[in-house]
Amino acid sequence: MDPYQKLVERFKEVQLLRSTSAILEWDEQTYLPKKAVHYRADQLSYLASKAHLLSTASEVGDWLTACERAGYAEDSDEAPNVYHWRHDYDLATKLPVTFVEEFERTAALAREAWKEARQAANFAGFQPHLEKVIDLSKQKADLFGYKASPYDALMDQFEPGATVSYLKPIFAELKSALVDLVQAISSGTPDGEPLAGNYPIAEQQTFNRQIATALGYDFDGGRIDTTTHPFATSLGPNDQRITTRYDETLFQMSLYGIMHETGHGLYEQGLPKEAFGTPLGSAASLGIHESQSRLWENHVGRSASFWDRWHTDAVRCLPDLHRFDPGTVIRGVQQVRPSFIRVEADEVTYDLHILLRFEIEVGLIEGKIAVRDLPAIWNERFAALFGIKVPNDRVGVLQDIHWSLGALGYFPTYTLGNLNAAQLMNRASSDIAGLNDSLAGGEYRPLLDWLRNKIHRHGRRYLPNDLMARATGAPTQAKYRIEYLREKYGRS
Ligand code: ZN
């Protein structure tokens, strides 16, 4: 068997282990009884270490070298697979086992300390742990290696090819436009109706299912379950599941959660099934994945035409919604108001939360910000961006779990998702004749087919910025999102 075939077989085996872990994780989040948690952790760590050993074994390095020597045509299936296997192999083998263990131990303690500190709204309890996490993250960046900024090495784990020097000017352009827009909206717009009512879970489920089906989600290859933290997961080539949570007084939480996760699920359902378990059958990056969820949730779902089309069906499923006409519902779901918590932010202010975190993370990793100064820096910059004063660390610098996990470099992928979504929609509207009419009619197939063709079917064949350039004519930029938000929310 030639070395490439050996790699394919090896990584299909690794994928059997990883997708089995994914089922166990999905079960843990949805149905696992409380007493079963500890044994589940043993099962997961066993499978993770098996997968790690199989994918980092020395023969994998030998097969990769042999493939690289042989060389493959740039447009072959082999070339991108070998490229990503090599990339992942290097990342996984550059960190000594002792370092990985220390990182995991530190993060586990940091997570517990973070929970307590957040509860008590007291940053001091988390500070020494975060100092260790930052120190180890800097070491990690050094071990990975980088050209310009150590932060580039950390981002590369989540968004291949992303760099501080590429993102900085784009994010600066976005920031100044958003600050102006938020200020204009906050000063001139009355609050939207919160749309509170009596919406039993079973009624919400019926409507959500109708919408997910309309968007193109295949229930023969997926299902919806309930969790505290909604997510989408791929458990096999024909098993892409999504989850949501419910509030019986506010239908929007589950509906927009479902539209978001359906976007992730549609991407996974559109990846080449025959390549499952290899890079060509995997999503391009987190920033591309998030573009799919934000596109369906916000560009499609939070639009006036969506509610003009679906209001009657929604009232049929959720009778209490009859008290709000389509115009009121639209104003309600398009409500913009500066708030403290990122995960509850509206579509306009959301990226400001990310830009704040990006600047702070880069400062921490480049050694320009000290951990002990974080609360003061956070509160000062937050007030400048949002025009409101942070009352305590719980709703300020301590609100997210990411830093306690050591997941530095992750946050920017959320904003990349938003930028990519706007850029893709802009291009889709010029590529697809009558797109607005089909969306207004609740006909989503043309848009989904376009995304399948431009994004989904390629898997990881191209790096994120190349994929965007091929789909839209240019790598990720800020201007399409700025134009979109100004048009939708600008009051001139
Ligand atoms: Zn998402």
Side-chain angles (χ1 to χ4, degrees), residues 22 25-26 29-30 155 157-160 162 174 208 211-212 215-217 222-235 239-246 252-271 282-303 333 341-355 357-358 399-402 405 407-425 444 447-448 451-452 455-456 459-460 464 467-468 476 481 484-485:
E25 277 162 7
W26 169 85
Q29 301 294 323
T30 49
M155 261 195 305
Q157 302 170 91
F158 311 108
E159 196 64 20
L174 180 64
N208 293 347
I211 293 302
L215 300 185
Y217 182 75
R223 49 179 290 135
I224 300 176
D225 293 272
T226 308
T227 41
T228 339
H229 304 288
F231 61 91
T233 181
S234 180
L235 309 180
D239 193 353
Q240 277 75 38
R241 303 189 191 184
I242 58 182
T243 71
T244 193
R245 55 183 168 176
Y246 301 90
Q252 305 97 296
M253 189 165 83
S254 76
L255 173 65
Y256 284 102
I258 282 297
M259 292 190 79
H260 182 98
E261 302 306 336
T262 295
H264 285 304
L266 287 172
Y267 184 14
E268 295 282 343
Q269 288 185 335
L271 291 168
S282 314
S285 72
L286 292 184
I288 297 296
H289 228 309
E290 197 64 10
S291 75
Q292 302 303 295
S293 56
R294 306 265 170 163
L295 186 152
W296 292 104
E297 176 194 357
N298 292 326
H299 289 259
V300 173
R302 268 179 230 280
S303 67
V333 302
I341 305 293
R342 173 183 62 86
V343 296
E344 292 165 6
D346 58 75
E347 194 186 3
V348 181
T349 57
Y350 187 88
D351 287 317
L352 290 176
H353 291 272
I354 298 303
L355 301 179
R357 287 156 177 78
F358 172 73
Q399 66 182 273
D400 296 305
I401 195 172
H402 300 58
L405 302 171
L408 283 104
Y410 190 108
F411 279 124
T413 66
Y414 293 117
T415 286
L416 282 168
N418 279 329
L419 300 181
N420 292 335
Q423 196 165 322
L424 289 167
M425 272 309 268
Y444 301 112
L447 180 57
L448 180 58
L451 291 167
R452 290 256 144 99
I455 302 291
H456 303 180
R460 291 175 89 182
L467 182 63
M468 285 301 293
T476 304
R481 176 144 181 89
Y484 156 72
L485 290 176

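Just follow the structure's listing: the first ligand is 1, and inside any ligand the first atom is 1. Computed from a predicted model, the values in this text were never measured in an experiment.
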**Prompt:** How long is the span from the CD atom in E261 to the CZ atom in R241, to the nearest 0.5 Å?
**Reply:** 15.0 Å
**Message:** Whether the R302 and N298 side chains hold a donor-acceptor pair (N or O, under 3.5 Å, no angle test) is what I'd like checked.
**Reply:** yes
**W26 CH2 to I242 CD1 distance, which is reported to the nearest 0.5 Å** = 12.5 Å
**Complete:** Near the Zn ion (ligand 1), protein N/O/S count under 2.8 Å comes to 3
**Those residues that, when tested against R223, pass salt bridge (charged side-chain N to carboxylate O under 4.0 Å, His left out) (two or more places apart)** = D225
**Request:** Could you tell me how the ring of F411 sits relative to the ring of Y414: parallel (under 30°), tilted (30 to 60°) or perpendicular (over 60°)?
**Result:** tilted
**Prompt:** Are the side chain of E159 and the backbone N or O of G287 linked by a donor-acceptor pair below 3.5 Å?
**Reply:** yes
